[in-house]
Engineer: 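Take this structure first; my questions come after.
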Amino acid sequence: MTEPGATTAAELPKAYRPSAVEGPIYERWLAADVFAPDGAGATAGPDAEPFTIIQPPPNITGSLHLGHAQRAAVEDLMIRHARMRGRAALFLPGLDHASIAAQFVLDRIIAKDGQSRQSLGRERYLERMQAFVAETREVILGQERRLGASLDWGRLRYTMDEGSAKAVRVAFKTLVERDLAYRTEALVNWCPGCRTSVSDLEVVSTPETGTLWSIRYHLIDEATGEPLPDETVTVATTRPETILGDTAVAVHPEDERYRDIVGRRVRIPFVERDVPVIADDVVERGFGTGALKITPAHDHDDHATGLRHGLSMPTILDDAAAIANTGTRFDGLDRVAARAAILAELATRGDLAGEKAHEMVLGRCERSDDVVEPRLKTQWFVRARPLAEAALGATRSREIRIVPDRFEKMWEHWLTNIRDWNVSRQLWWGHRIPAWYCPDGHVTVSSELDGPSACETCGGPASELAQDQDIFDTWFSSGLWPFSTLGWPDDRADLRRFYPTSVLETGWEIIFFWVARMVMLGIELTGRPPFHTISLSGLIRDPEGKKMSKTKGNVVDPLAVMEEAGADALRFALIHGASAGQDQRFGPQKLELARNFANKLWNAARFVIGARPAGVAADAARVEPDESLLGPAERWIRSRAAATTEAVDRGLADYQFGEVTRALYDGIWSEFCDWGIELAKVRLADEEASSEERAATWWTLVDALDRYLRLLHPVMPFVTEAIWDALPRRDGDPELLIVAAWPAPTGRDSAAEGGVGALLDLVRGIRNARADAQIAAGSWLAVDVVVPNAMAAAAEALAPALARLARAKPLVLHRERPAFTGATAGRRGLAVIVGELEADVALPEAAANDGGAEGGAGDRTRLEKELAEAEGHLAAARARLANEAFTSRAPAAIVDGARTSEAELTEQVERLRARLGA
RNA sequence: GGGCGAUUGGCUCAGUGGUUAGAGCACGCGGUUCACAUCCGCGGGGUCACUGGUUCGAAUCCAGUAUCGCCCACCA
């Protein structure tokens, strides 16, 4: 432990090697126990205001991709900021059992050994899954650590752990009791590949070119009961195999063509079933033939029609989507083979009336890409309407804010059109539905671990009860995540302290799968919205803007990136490129920018540490530099650090994290390094400055660097921690930056910013003129500077620094333009006019003798260009002020600004003209 | 079919009403001075997709158009 006020003596290695720095630092954080809000190293007390980030628990069988990395970076940024602000910051790590996704992965693995789900059986399959998951679970957690995520590992949770299991049972029972969950026979989306039903969300609409076949059905001769060879009605279908499940033909009630046959019957081929011709206005007269075959068990529209007309609903597909139970020779044939066989047979019979290409939309399984078949099944559903109403209420009342707010429209649309949520899955890996059925078919739902002791309805003994074979949709347990992880349904201290949580951060692509369900279930089950802010990030795309995917081969491995450029660089790059909810392209340039930035900071820190004046002991206690010893440069440095602090605070408050990194990049590089350090170097090396003054300058640098490190820490935790370790501490500072206090934006100084800013502009002007005149970069030239009274003191104090930065020797300050009587001593020079300042730069002898006019032709061209520009701006300013509407209607501050600007431009134009002799 | 987003320098993107639109990369010129060549200095480069409107003032707000991308959708 560092003694208060003492400095550590750590030296920064010359070269910045992120991979060498990052590992040990994470270990130090772990050892210090600073991640937990109540850990040994935590600075927030038990009464501190809590702040909780909900992160999407990654798939247990998964590994880190850039999307994870980006979210983790943003989440960790928020949590570190809150922690430094002294809040009880909880960042809870977790894993999702990812039911269907995990089964999909395992199925492929066991397939290599010639095994399958069916061949293993439920019990052995689940054993296999447990073993598999035990292997994979550390992978993603290790990657999160590598990224620097300050997750509270002691609270690690898992959607298949006991706590989650209990939450699932209690949640479900509660929903059933409130009539918000029910069991019914309904059309579900069946994926033959996954052998389970899936929710509407998991069905992906894919436009495809299919075929629309026209098929003749023969009308029945009611006298004989036999089909008439020549009297037919032609239906159009894209799925001929569903003929086997047809129980009606529908036409539009007002369709003249078919008026006469409504009420008659047609014979369905193969199944030889006679079905009625019905009238229903679902039929679009202009489509196909205007006659629609009705397959109530395998089509959503047809199902509705079937219900309206009391049609029978035979199911003709089995779990693998092979034809079944039709009593035809097609039974056992796969749907694709059956289609071909049926078409061939129809053609033979002469009942295939035609076919044509048809643009249509097919529902495919998000997971397996199989064509989803609607099928009648008895399953559990969650009643979505009332839950959605409450969720909408929460966003409408602003109890929950969505960032960026444009996603609220999506949110509104989806929740207002929501359909009941099918939660039954015919899978094995997941939470078994806690419903038991007695031999009489009574249903008992229990939240007890061992199930009910008897049938709730008839009292039948537990031994005769059979539990539902199905498991829950994986998102059902995920939907309980914000509170199940804190101990719900038990009344735990964590739940009381951290719920409702603060911010949910995730990608917008799972807003419905996950976010909406958490909000719906959270409000219903806990009575409160689970968080106050939903922060949505965009997708990471490849440099061409394409989605990254393994099949495209354009995925970037975050681990490889971190090995090469460092976790800090990756985090910075991902956050820097992000704009709320907007997708971003990610490529090597962004990473390079971030790595260079880290390197720059490292080297700046090495300079600061190495620049300690002799008068300051290596272990000197950190002191606030004496105000009276600060020069304009020191005040400017301090003020700019304060300005950056303000900008960072603003960005954080608005969830504009890209703004945060931009402010830091500019503040640290373009201001602190480019000017602050360069200005400070001069006084640090100035023999004439007192040792107290030099110390004050150094402490100013230390102070500014310290502030930048704190501000940058949430984004680049490793490099900032490493550097901070080598800096003297303040009284009361902890040992580690991760728990150090967030800086306050103190020290703004507009006088220093204005004065020093103008002088720096002059330096830029002189450099510009020199470069323009092609003067050797290394040469030192005599310079006269004319400084107005108001800036005299600052200029005086900064003269040595200006001289160095502008390579001026000698540099002479004047109150009035000396007309070549100063340092330039009558030689022809370059004229520099910047704002209120003016300078003459003496040319080397050779160059001076070349030019005809003052400063040579090149200089004249430059000044003319500047004059033209200034005149243009002046004209614009005057025109604006001449406009009565502007002066009367624009705010006073704007008008005043325009007047000031006009005055300054007038003066500048005059001076430029004088120089040009115009 | 409905909805959303994007369109700013060669490239990638910031910038939601206020004077002269920024950055990084790329490009050109010049730099081995003791923090940094993963660097330093200087520069060129944009009628802010288009049309109209609101306003004293528009890249920014409104309406429409175009192109690209995405989401949602049970017409066989």
Engineer: Say we look at rG24(B) and rG69(B): how far apart would their P atoms be, to the nearest angstrom?
Structural biologist: 31 Å
Engineer: When we call it a touch if two heavy atoms are under 4.0 Å apart, what does W508(A) touch: a base, just sugar-phosphate, or nothing?
Structural biologist: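 Sugar-phosphate, no base atom in range.
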Engineer: With both distances under 3.5 Å as the test, what is the Watson-Crick or G-U wobble partner of rG9(B)?
Structural biologist: none
Engineer: When you compare rU60(B) with rG3(B), how far apart are their C1' atoms, in angstrom units rounded to a whole number?
Structural biologist: 23 Å
Engineer: Is there a donor in the side chain of S901(A) and an acceptor in the side chain of E904(A), or the other way round, less than 3.5 Å apart?
Structural biologist: no
Engineer: Consider the side chain of K14(A), meaning its heavy atoms from C-beta on, and name the nucleotide among rC36(B), rU38(B), rA76(B) that approaches it most closely.
Structural biologist: rC36(B)
Engineer: Does R585(A) put a side-chain nitrogen or oxygen below 4.0 Å from OP1 or OP2 of rU12(B)?
Structural biologist: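 Looking at the OP1 and OP2 atoms of rU12(B), one of them is under 4.0 Å from a side-chain N or O of R585(A).
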Engineer: Quick one about N603(A) and R606(A) (side-chain donor to acceptor, distance below 3.5 Å, no hydrogens or angles considered), yes or no?
Structural biologist: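 Side-chain D/A pair, R606(A) to N603(A): present.
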Engineer: Whole Å only: how far is the CH2 atom of W669(A) from the C1' atom of rG24(B)?
Structural biologist: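 Those two atoms, CH2 and C1', are 10 Å apart.
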Engineer: Out of rC75(B), rA14(B), rC70(B), which has the shortest distance to the side chain of R541(A)?
Structural biologist: rC70(B)
Engineer: Using whole Å, report how far CG of L536(A) lies from C1' of rG5(B).
Structural biologist: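 Answer to the nearest Å: 14 Å.
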Engineer: Please confirm whether H252(A) and F287(A) have ring centers closer than 6.0 angstrom.
Structural biologist: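 No, the ring of H252(A) stays outside the 6.0 Å limit from the ring of F287(A), centre to centre.
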Engineer: Please state how far atom CD1 in I609(A) lies from atom P in rC36(B), giving the value in whole angstrom units.
Structural biologist: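 From I609(A) CD1 to rC36(B) P: 14 Å.
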Engineer: Measure from CZ on R606(A) to P on rC39(B) and round the result to the nearest Å.
Structural biologist: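 These atoms are roughly 14 Å apart.
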Engineer: Mind telling me whether F512(A) and W414(A) have parallel, tilted or perpendicular rings, with 30° and 60° as the class edges?
Structural biologist: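 Plane angle under 30°, so parallel.
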Engineer: Verify the distance criterion only: is there a donor paired with an acceptor across the side chains of D280(A) and T305(A) at less than 3.5 Å?
Structural biologist: no
Engineer: Which of the following nucleotides, rC13(B), rA35(B), rU20(B), is nearest to the side chain of I677(A)?
Structural biologist: rA35(B)
Engineer: Nearest to the side chain of M360(A), which nucleotide is it out of rA14(B), rC42(B), rA76(B)?
Structural biologist: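 So the side chain of M360(A) is nearest to rA76(B).
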Engineer: Ignoring the backbone of N603(A), work out which of rC36(B), rG43(B), rU38(B) is nearest its side chain.
Structural biologist: rC36(B)
Engineer: Across all strands, who's sitting opposite rA63(B) as a Watson-Crick or G-U wobble pair, both distances under 3.5 Å?
Structural biologist: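 Paired with rU51(B).
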Engineer: In this structure, how many angstroms lie between the P atom of rC72(B) and the NZ atom of K409(A), rounded?
Structural biologist: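 Distance, rounded to whole Å: 18 Å.
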Engineer: Please pick, from rC40(B), rC74(B), rG15(B), the nucleotide with the shortest atom-to-atom distance to any side-chain atom of K600(A).
Structural biologist: rC40(B)
Engineer: Over how many whole Å does the gap from Y665(A) atom OH to rU12(B) atom C1' extend?
Structural biologist: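 Computing the Y665(A):OH to rU12(B):C1' distance gives 14 Å.
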Engineer: For nucleotides rU16(B) and rG45(B), find the distance between their C1' atoms and express it as a whole number of Å.
Structural biologist: 26 Å
Engineer: In whole angstrom, give the distance that lies between atom CH2 of W780(A) and atom P of rU33(B).
Structural biologist: 12 Å
Engineer: Considering every strand and a 4.0 Å limit on heavy-atom distances, what is the contact class for N417(A): base, sugar-phosphate, or nothing?
Structural biologist: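 If one applies the 4.0 Å heavy-atom cut-off, N417(A) turns out to touch nothing in the nucleic acid.
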Engineer: Once you apply the 3.5 Å cut-off to both distances, tell me the Watson-Crick or G-U wobble partner of rG57(B), or none.
Structural biologist: none
Engineer: Please determine, for rG41(B), whether a Watson-Crick or G-U wobble partner exists with both distances under 3.5 Å, and give it or none.
Structural biologist: rC29(B)
Engineer: For the side chain of V361(A), counting heavy atoms from C-beta on, which of rA73(B), rC39(B), rC42(B) is nearest?
Structural biologist: rA73(B)
Engineer: Just wondering, more than 12 heavy atoms not from R17(A) lying within 6.0 Å of its CZ?
Structural biologist: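 No.
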Engineer: Any donor-acceptor pair, under 3.5 Å, between the side chain of E678(A) and the base of rA35(B), if you only look at N and O atoms?
Structural biologist: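 Side chain to base: pair found, below 3.5 Å.
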Engineer: Start at the 5' end of RNA chain B and walk down; is the nucleotide closest to N768(A) or to T238(A) reached first?
Structural biologist: N768(A)
Engineer: Are T395(A) and W411(A) linked by a side-chain donor-acceptor pair shorter than 3.5 Å?
Structural biologist: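 Per modelled atom types, T395(A) and W411(A) side chains form a pair under 3.5 Å.
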Engineer: Between rA73(B), rG30(B), rA14(B), which nucleotide has the shortest distance from any of its atoms to the side chain of A777(A)?
Structural biologist: rG30(B)
Engineer: Between rG10(B) and rC50(B), how far apart are the two P atoms, rounded to whole Å?
Structural biologist: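 It comes out at 14 Å once rounded to the nearest Å.
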Engineer: Both distances under 3.5 Å, Watson-Crick or G-U wobble: report the partner of rA21(B), or none.
Structural biologist: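 Base partner found: none.
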Engineer: Could you measure between the two C1' atoms, the one in rC27(B) and the one in rG46(B), and give it in whole Å?
Structural biologist: 16 Å
Engineer: Between rU7(B) and rU12(B), how far apart are the P atoms? Round to whole Å, please.
Structural biologist: 12 Å
Engineer: With rounding to whole Å, what would you report as the distance between rU38(B) and rC25(B) at their P atoms?
Structural biologist: 13 Å
Engineer: Scan P891(A) against the nucleic acid and name what it touches under 4.0 Å (heavy atoms): base, sugar-phosphate only, or nothing.
Structural biologist: base
Engineer: Distance check, P atoms only: rA63(B) and rC29(B), in whole angstrom units.
Structural biologist: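 Here rA63(B) and rC29(B) have their P atoms 49 Å from each other.
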Engineer: If you check the I894(A) side chain, which of rG18(B), rG5(B), rA35(B) turns out closest?
Structural biologist: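 Of the candidates, rG18(B) comes closest.
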Engineer: Does the structure show a Watson-Crick or G-U wobble partner for rC36(B), both distances under 3.5 Å? Name it, or say none.
Structural biologist: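 Pairing partner, where one exists within any strand: none, as none qualifies.
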Engineer: With both distances under 3.5 angstrom, what nucleotide forms a Watson-Crick or G-U wobble pair with rC70(B)?
Structural biologist: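 For rC70(B), the partner nucleotide comes out as rG3(B), under the 3.5 Å rule.
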Engineer: From OH of Y708(A) over to P of rA35(B), roughly how many Å is that when rounded to an integer?
Structural biologist: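 Computing the Y708(A):OH to rA35(B):P distance gives 19 Å.
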Engineer: Would you mind telling me which of rU20(B), rA35(B), rG44(B) lies closest to the side-chain atoms of K681(A)?
Structural biologist: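 For K681(A), the side-chain atoms sit closest to rA35(B).
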Engineer: Please state whether the rings of Y665(A) and F597(A) are parallel, tilted or perpendicular, taking 30° and 60° as the class boundaries.
Structural biologist: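 Tilted.
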